[in-house]
Amino acid sequence: MMTPFFLSIEGPIGVGKTTLARLLQPRFEAALLLEAFEENPFLSNFYSDRARYAFQTQMFFLLSRYRQQQEIPSMIAQEPLIGDYTFAKDALFARLNLEGDELDMYQRLYTVLADRIVRPDLVIYLRADTDALMARIAARDRPYERKMDQDYISRVAEAYEQHFAGGLGPAPYATSSLLTVDTNDLNYVQEPSALAFVEGKVRRALGIGAYQQALPQIEELGHARMRAAPPPVRRIAPRESALSEFLAANEAMGRLGNLLVNRPGGGSGTQEAHLAAALRQAMDGLSALADSLGADPTP
């Protein structure tokens with residue numbers, strides 16, 4: 001069994017935190033800690049009238065999340081743990097939705113509780129622009145999110161950018177590591193190579209080696225052997241690791257090529273941001289490939 005670790009995934013509403021947690025869970029043979037947001041009885045009213053229901057919603061979340069966080073020590077004593085939120089998220093939303101005496105009261109309680117939680121070994125920050133977030137929110141079609149307005153999502157996304165702009169900042173997460181992943185053009189739900197790309201970045205950030213679940217292309221090379229009850233996670237040979245990194249890099253280069261081909265003259269700010277994100281992913285993929293081959297990519 002893998003040495004236990006605690007990994008938390010963060011990002012704005014609709015970015016895909018829970019989805020990624022569920023996809024990574026079998027690859028790391030980990031337990032899951034998923035936010036029980038649907039238990040909040042004020043949430044639906046909050047999205048209809050944020051000013052009126054903000055304090056009740058926020059205080060319920062604070063105490064609910066704190067209670068859930070108390071389960072972490074016993075969980076990570078047995079196996080790795082992947083969560084789809086951080087406790088610091090609560091304060092981020094409080095600063096967005098509360099003000100005056102309500103915010104002061106909240107901050108006093110949050111400060112006391114934050115000192116008592118377990119810090120994750122790694123925080124993954126998933127970022128995406130507002131248009132992508134709105135599309136994903138609409139696609140999952142949660143009833144209480146149907147009244148979500150674009151301005152609020154934009155403010156949430158900007159708050160996350162500011163929150164992680166200087167790394168993880170002060171307590172309670174200053175001692176954790178941070179991995180930022182741009183998800184605008186990264187479809188780890190439908191593209192195995194994209195998920196392998198993220199998994200590789202996570203493993204390098206955690207320092208647990210070049211592990212991968214086999215991609216479909218790799219399975220073709222040895223399908224007879226792999227059908228004999230393969231373990232959920234396995235260590236792969238250097239050559240296979242390099243092939244996985246190559247496939248991930250090739251996928252990223254393909255996305256970059258498609259954006260360049262379809263890029264109109266003087267593209268919009270959103271299109272330029274997508275292009276920059278795709279370029280970063282391609283460069284990260286090539287760097288990971290060089291690492292797997294033990295090659296220095298600099299001339």
Side-chain angles (χ1 to χ4, degrees), residues 4-22 24-25 30-47 50-126 142 144-145 152 155-156 159-160 162-164 167-179:
F5 59 81
F6 177 26
L7 163 67
S8 291
I9 303 173
E10 261 300 359
I13 301 167
V15 77
K17 301 180 292 293
T18 303
T19 298
L20 182 59
R22 291 187 183 280
L24 290 179
Q25 182 264 334
L32 283 178
L33 182 73
L34 302 181
E35 185 177 13
F37 54 86
E38 293 180 334
E39 294 179 2
N40 192 325
F42 304 105
L43 190 59
S44 180
N45 290 330
F46 168 75
Y47 285 131
R50 289 197 296 274
R52 181 177 180 182
Y53 291 99
F55 186 70
Q56 299 97 311
T57 303
Q58 204 61 58
M59 292 303 293
F60 186 96
F61 269 138
L62 176 63
L63 298 177
S64 174
R65 288 164 177 158
Y66 176 73
R67 184 172 60 251
Q68 191 178 38
Q69 293 279 314
Q70 301 313 294
E71 303 172 10
I72 292 175
S74 61
M75 297 177 76
I76 60 176
Q78 304 295 324
E79 57 189 338
L81 177 64
I82 298 176
D84 66 348
Y85 74 100
T86 64
F87 191 68
K89 166 186 186 170
D90 207 275
L92 183 152
F93 277 88
R95 290 190 294 271
L96 275 175
N97 297 312
L98 302 179
E99 58 185 21
D101 292 340
E102 290 182 343
L103 181 58
D104 291 340
M105 183 184 303
Y106 169 89
Q107 283 294 147
R108 287 197 294 270
L109 180 56
Y110 173 83
T111 300
V112 172
L113 298 181
D115 284 337
R116 304 177 182 180
I117 67 166
V118 177
R119 281 61 166 160
D121 298 292
L122 176 66
V123 175
I124 305 176
Y125 166 40
L126 302 179
R142 292 173 180 167
Y144 55 85
E145 291 181 342
Y152 180 66
R155 289 174 55 217
V156 170
Y160 269 102
Q162 294 178 5
H163 179 70
F164 288 114
L168 283 164
Y173 294 104
T175 58
S176 304
S177 296
L178 175 66
L179 171 63

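Counting from 1, the numbers follow the sequence of the chain as shown. All figures in this text were calculated on a predicted structure; none of them were measured in a lab.
Taking all atoms of both residues into account, the shortest heavy-atom contact from Ala114 to Arg119 is O-NH1, 3.4 Å.
Contact annotation: the side chain of Phe5 never approaches that of Leu122 to less than 4.5 Å [non-hydrogen atoms, C-beta and beyond]. Inter-residue side-chain proximity for Leu109 and Met59 is flagged as met; some heavy-atom pair is nearer than 4.5 Å. Between Tyr160 and Lys89 the shortest side-chain heavy-atom distance falls below 4.5 Å. Contact annotation: the side chain of Phe61 approaches that of Glu35 to within less than 4.5 Å [non-hydrogen atoms, C-beta and beyond]. Within the 4.5 Å cutoff, side-chain heavy atoms of Leu32 are placed close to those of Arg22. Side-chain atoms of Ile13 and Glu145, non-hydrogen and from C-beta on, do get closer than 4.5 Å to each other.
The side-chain hydrogen bond (donor to acceptor under 3.5 Å, both in side chains) test applied to Thr18 returns Asp84, not counting sequence neighbours. Judged as a ring pair (Phe, Tyr, Trp, His ring centres under 6.0 Å), and not counting sequence neighbours, the contacts of Tyr125 are Phe164.
At most 12 heavy atoms of other shown residues, nucleotides or ligands fall within 6.0 angstrom of atom CD in Glu39. Within 6.0 Å of atom CZ in Arg50, more than 12 heavy atoms from other residues, nucleotides or ligands are found, so the atom counts as buried in its surroundings.
For Tyr106 and Phe55, the ring centers sit 6.0 Å or farther from each other.
Side-chain contact, Asp90 with Tyr66: no donor N or O sits under 3.5 Å from an acceptor N or O.
Gln68 places a side-chain N or O within donor-acceptor distance of the main-chain N or O of Leu34, the cut-off being under 3.5 Å.
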Side chain to side chain contact (heavy atoms under 4.5 Å, CB included) between Leu7 and Asp121: does it pass, once the steps are laid out?
CA-CA 6 Å; Leu7 163 67; Asp121 298 292; over 6 Å; no
Review item, side-chain donor-acceptor pairs of residues 91-105, under 3.5 Å, at least two apart:
unit_1 : atom_1 : unit_2 : atom_2 : d
Asn97  : ND2    : Phe93  : O      : 3.0
Asn97  : ND2    : Tyr152 : OH     : 3.3

